[in-house]
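Working notes for the structure below.
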Amino acid sequence: MKNYESLVKKIFPVFAMLLAISLFPVFLKNNYYLTIGCQAMLYCIVALGLNFIVGMSGMMTLGTGAVYGLGAYTSALLSTKLGVNPWLALIPVLVMGWLIGKGLGFPSLRVQFVYFSLVTIAFNEIVRNLLTNLEFTGSGTGVRNIPPYSIFGFEFNTQLRSYYLIFAFLVVFIIIALRIAKSKWRRAFIAVKDNPEALEVSGINVSSVKITAFTLSSIFGCVAGALYAHFNRYITPSTFTTDLSISFVVMLIIGGLGNFWGCILGAYVVAFLPQLLRSAGTSYKLIYAVLMMLAVILFPNGIMSDIRRSVGKLINNGKGFSKGGGIGENRTGN
Amino acid sequence: MQAVILQLAVSGIAMGFVYALVAIEYTLIWNACGLLNFSHEKIITMGGYVFVGTCLFQLGLPNIPAIVLAVILLAIFGIAIAALIFIPLRNSTRLIAVVATVMLGQVINEGVILIWGSVALMPKNFLSGVSQILGATVSKSYVYIIIVSIIIIAVLQFILKKTKIGKAMTCVSQNKTAASLMGINVKVSMAITVAISFGICCIIGVLTAPIFTVKQQMSTMIALKGFCAGVIGGFGNLPAAIAGGLILGVVENFAGLILPSVFKDVVAFALMVVFMLFFPDGLVGVKNRIQKHIAKSQMEKLS
């Protein structure tokens with residue numbers, strides 16, 4: 001019975017959060033906020049994937065924007081130029097994610113920390129340049145008139161409908177992420193960061209673990225990109241810049257590295273905070289950037305882990321430090 | 001044909017020197033604080049805006065005093081940034097350090113938009129016009145870039161090798177504990193290094209202003225290619241960075257002859273990825289390997 005109780009304890013917050021996200025459109029029917037809500041959910045999916053690389057395995061990639069963009073372009077080009085059903089186009093998108101994962105995972109085996117960030121920046125710039133300059137990707141104007149997803153003639157063409165479509169995908173990805181967070185993969189990912197030698201001694205192949213992390217992450221990113229393409233129905237290469245990649249990493253750090261809740265919180269903060277700050281007038285972007293920088297410098301372990309710590313202290317009321325064994329929790333040391 | 005090749009060579013060498021300056025500028029901070037300054041792109045842009053927007057347009061100064069004032073302003077800004085961000089961050093996690101410098105770049109970018117607006121500025125009658133060299137028409141700004149870069153590199157070499165401050169900087173970059181034991185104030189030395197680095201950033205902004213015009217994205221490409229130059233030469237090594245920059249500039253320009261112009265920017269990054277994967281130490285590593293090989297074969301001959 002005790003096992004069952006702890007399971008409920010762990011599952012309950014996830015349900016509460018999903019309920020909150022699903023009820024969001026009931027309170028804010030404004031199309032503008034719905035669009036940002038959709039974006040926040042897409043960011044959640046990417047952040048959950050990125051967590052495997054940056055959060056758990058501790059490799060700093062700044063090329064996620066390109067992964068997201070390649071997913072979007074794969075699906076958009078297939079459905080506009082070849083008339084492939086967007087649902088069927090998800091298969092090539094998954095293959096694309098798998099390929100990128102293998103391709104980016106390979107340099108991660110050979111190059112060290114900051115150099116790896118440079119390689120991924122180069123990857124992002126190569127992709128953006130090619131998307132901007134190649135003829136069949138629509139050059140700088142991008143791809144227009146992308147068809148929305150549809151089931152039996154029911155088109156997900158309004159903001160509200162796409163909101164629930166993306167929500168369904170988010171649920172699927174959250175389940176996958178939670179399952180992985182409970183599996184041996186997560187432990188292997190964390191060991192790659194903390195002690196690769198010990199991992200090798202235990203008979204686990206470090207390179208295959210790293211490549212697995214990359215493949216998972218880029219599949220998450222590519223699917224989110226495809227959803228974005230069919231939600232926005234118009235994509236340009238100027239969306240998928242290094243700045244986008246940076247904001248994905250910022251999401252993780254704001255929330256707390258390697259932390260499931262941190263990913264969700266970070267994605268929502270990055271999506272909504274600029275909109276809330278808009279009342280400050282022309283300088284809102286500066287305020288946002290300063291806030292983000294301060295958050296990174298002052299809370300290097302993430303806002304979420306600090307909240308968790310103080311809540312844990314309150315609950316235990318001096319009975320000692322909470323075990324912090326939440327879902328996907330990983331305290332980031334140095 | 002000969003004229004075209006000469007033209008490409010001159011502009012390639014000029015851009016190569018720009019990349020080399022970028023590489024020098026972040027290598028200085030890398031050596032001193034152990035941080036890779038991902039915000040340097042925005043600082044170059046800021047240098048351009050301070051020079052054109054403030055010194056030339058608002059204060060109406062002549063060219064030379066305007067450049068000097070801009071460089072001094074940026075150096076002071078560099079000391080402030082060093083005290084606030086770079087020096088406190090030098091002991092933090094590498095991941096946090098990278099993101100913090102990236103976010104610093106965003107802050108500077110938004111600040112620049114707020115102060116000078118998001119319009120492109122073009123300095124009038126500054127390094128403009130063309131000159132004839134051996135029958136080839138070359139833009140004067142390229143010639144100036146080459147001359148000024150050589151002067152900067154020479155001055156920097158003089159400072160690092162001959163002056164007390166420069167020797168202290170070199171010492172700090174090699175061993176911080178030993179430096180502080182020798183009575184060098186490590187933090188002051190770091191601040192001076194950052195100030196010099198920001199000054200060089202400003203000069204890059206000034207030099208490239210006539211080519212790219214002063215706008216938000218003016219330095220995105222040169223900043224990233226500066227990283228490529230560093231990797232190709234060998235990271236953390238100043239002479240290697242210069243060599244890497246020159247090679248990159250020339251190769252990239254001549255690649256434009258063979259490949260479609262679409263791939264011009266891609267060449268640099270592809271070259272960088274190849275070097276990262278197969279020659280991670282850059283040209284320095286290759287040189288060391290060859291030297292070792294020669295020494296080995298000589299030893300074998302002797303024995």
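In what follows, chains carry the letters A, B, and so on, assigned in the order in which the sequence lines appear, proteins first and then strands, with residues in each chain numbered from 1. Only heavy atoms go into these numbers, but all of them, side chains included; no hydrogens, no water, no symmetry mates.
Other residues, nucleotides and ligands place no more than 12 heavy atoms under 6.0 Å from the CZ atom of B:Phe279. Residue-environment remark: NZ (B:Lys187) stays at or below the threshold of 12 foreign heavy atoms within 6.0 Å.
Heavy atoms of B:Val107 lying under 4.5 Å from chain A belong to its backbone as well as its side chain. Within the 4.5 angstrom heavy-atom criterion, only side-chain atoms of B:Met272, from C-beta onward, approach chain A. When heavy atoms are compared at a cutoff of 4.5 Å, A:Ser283 approaches chain B by way of both its backbone and its side chain.
B:Leu104 contributes atom CG, which lies 15.5 Å from atom CE of A:Met292 (distance to the nearest 0.5 angstrom). Taking CD1 from B:Ile96 and CG from A:Leu257, the interatomic distance works out to 6.0 Å, rounded to the nearest 0.5 Å. To the nearest 0.5 Å, atoms CE (B:Met103) and CD1 (A:Ile246) are separated by 8.0 Å. The distance from the CZ atom of B:Phe227 to the CD atom of A:Glu125 is 11.5 Å, given to the nearest 0.5 Å. Here the CD1-CG distance, from A:Ile121 to B:Leu224, works out to 6.0 Å after rounding to the nearest 0.5 Å. Separation of atoms CD (B:Gln106) and NZ (A:Lys285) is listed at 10.0 Å; rounding is to 0.5 Å.
What you find for B:Val273 and A:Ala122 is that their closest heavy atoms are CG2-CB, 4.2 Å. Closest approach of A:Met293 and B:Ile85 over heavy atoms only: CE-CD1, 3.7 Å. Across all non-hydrogen atoms, the minimal contact from B:Ala270 to A:Ile126 is N-CD1, 4.1 Å.
With B:Val99 as the fixed residue, the side chain to side chain contact (heavy atoms under 4.5 Å, CB included) test singles out one of A:Val54, A:Val296, A:Ile297, A:Ile254: A:Val296.
Highest contact tally toward chain B, considering only A:Tyr115, A:Phe123, A:Phe116, is held by A:Tyr115 [criterion: heavy-atom pairs under 4.5 Å].
At least one side-chain heavy atom of A:Leu118 sits under 4.5 Å from a side-chain heavy atom of B:Leu36.
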